[in-house]
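Notes follow once the structure below has been shown.
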2 protein chains.
Amino acid sequence: MKLANRIKELRESQGLLQRQLSAQLEIDTPMFSKIERGERRAKREQVLKIAEILNENKDVLLSLWLTDQLLDVVNGEEQALQALKMAEKDIKANKK
Amino acid sequence: MKLANRIKELRESQGLLQRQLSAQLEIDTPMFSKIERGERRAKREQVLKIAEILNENKDVLLSLWLTDQLLDVVNGEEQALQALKMAEKDIKANKK
DNA sequence: TTTTGACTTGTCAAATATTGTCCAATGTAA
DNA sequence: TTACATTGGACAATATTTGACAAGTCAAAA
C-alpha cells in the first residue's frame, strides 16, 4: 500500500474534503490532490500532520512514506533487492 | 562497506592517484577527494565510470552506491527496518 | 629547511530538483 | 445551467546538489 492510497482511504472514510486537509496543511488543493495521487511526495512534517488529522498512527504513515522513498531510490535498478538486503544488514548491525 | 571506502581501496591497490581518476571523471581533485571520503555522493554515471577505470564489477559498485542511498533515506528513522522490509516485499511481489 | 606533490577544507556559484501557486479544465450532483 | 470538488499543466520560489576555486595540511624529497 502506497502512502498516497492510504491517505485517500482515510480521508474518504471520514468524509473529509481535500480542501479541508489542504487548509490544515497550509497548501492549496491542487498540491494536496497531487500528494494524494502520489504525483508529488509529502514532506515528513506533512505526513505527521496528516496522521494527526486523520487519526492514524504516525509510525504507520511514516513507514509507508519511507517505503515509497526506498522504492524510488532502487526503482528500475537491477541490484534493488541486493541493496535493500545490504541496507537491512547494516541497520541491524549498527542498532546495538 | 561504503562505496567511498571501496573506491579508495581499489584506487590505492592499483597505485593510482586521485588526480588521475579525477581527470578521467572530468571533475577536479577536491571533488574526487570528497567522493572518496563519502562527503559527497557520486552520480550513477560516475560510479559506472569508476568501475571501468578500476576494473571492478559494475554491479558491485552500483549495489554499494544504492545501499548508501537507502541508508541515507532511513537514517535516524525509527521505522527504518520495517520500511526496508516492506520495500523488499514490494520488489519481490512485482518482480514476477 | 625549503620545496614539491598529494590530498583536504571551506566557500561560493551554477545547475538541478523539489515544492508550491495560479489558472484553467474536468467531473459531478443539484 | 450553477456550484463545488478534484485534477492538469505552466510557471515561480526554494532547497539541494554538484562543481570550481583558493587556500590549507601533511609527508617526503631535496
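Proteins get letters first, then strands, A, B, ... in listed order; numbering begins at 1 in each.
The only option from B:Val47, B:Ile27, B:Leu21 that meets the side-chain contact (heavy atoms from CB on, under 4.5 Å) definition with B:Ile35 turns out to be B:Ile27.
Nucleotide D:dA5 holds its P atom 15 Å from the NZ atom of A:Lys8, rounded to whole Å. Atom CZ in B:Arg37 sits about 15 Å away from atom P in D:dT18, given to the nearest Å.
Proximity of B:Val74 to A:Ile91: side-chain heavy atoms (C-beta onward) are separated by under 4.5 Å at one or more points. A heavy-atom distance below 4.5 Å is found between the side chains of B:Lys2 and A:Asp90. Looking only at side-chain heavy atoms (C-beta outward), B:Gln69 and B:Leu66 come within less than 4.5 Å of each other.
One finds no salt bridge joining B:Glu78 and A:Lys58 here, because no Lys/Arg side-chain nitrogen approaches an Asp/Glu carboxylate oxygen to under 4.0 Å. Salt bridge annotation for A:Glu88-A:Lys92: present, with a cationic side-chain nitrogen under 4.0 angstrom from a carboxylate oxygen. Salt bridge status for B:Lys49 with B:Glu52: absent, with no side-chain N to carboxylate O gap under 4.0 Å.
Within a heavy-atom distance below 4.0 Å of DNA chain C, the residues of residues 16-36 of chain A found are A:Ile27, A:Asp28, A:Pro30, A:Met31, A:Lys34. For residues 39-51 of chain A, proximity to DNA chain C is found at A:Arg40, A:Arg41, A:Lys43, A:Gln46, defined as any non-hydrogen atom under 4.0 angstrom from a strand atom.
Formation of a donor-acceptor pair under 3.5 Å by the B:Ser33 side chain with backbone atoms of B:Thr29 is not found in this model. No donor-acceptor distance shorter than 3.5 angstrom exists from the side chain of A:Arg11 to the backbone of A:Ile7, with no hydrogens or angles considered. With A:Gln14 contributing its side chain and A:Leu54 its backbone, the two residues share a donor-acceptor pair below 3.5 Å. Using modelled atom types, one side-chain atom of B:Gln46 and one backbone atom of B:Lys43 make a donor-acceptor pair closer than 3.5 Å.
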Polar-atom pairs under 3.5 Å, protein N or O versus N or O of nucleotides 26-30 of chain C: list them with distances, or write none.
none

Filtered N/O pairs between nucleotides 12-16 of chain D and protein, under 3.5 Å:
none

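Applying the side chain to side chain donor-acceptor pair (under 3.5 Å) rule to A:Gln79 yields the partners B:Asp59; only residues at least two apart in sequence or on another chain are considered. With sequence neighbours excluded, the residues that form a salt bridge (charged side-chain N to carboxylate O under 4.0 Å, His left out) with B:Asp72 are B:Arg41.
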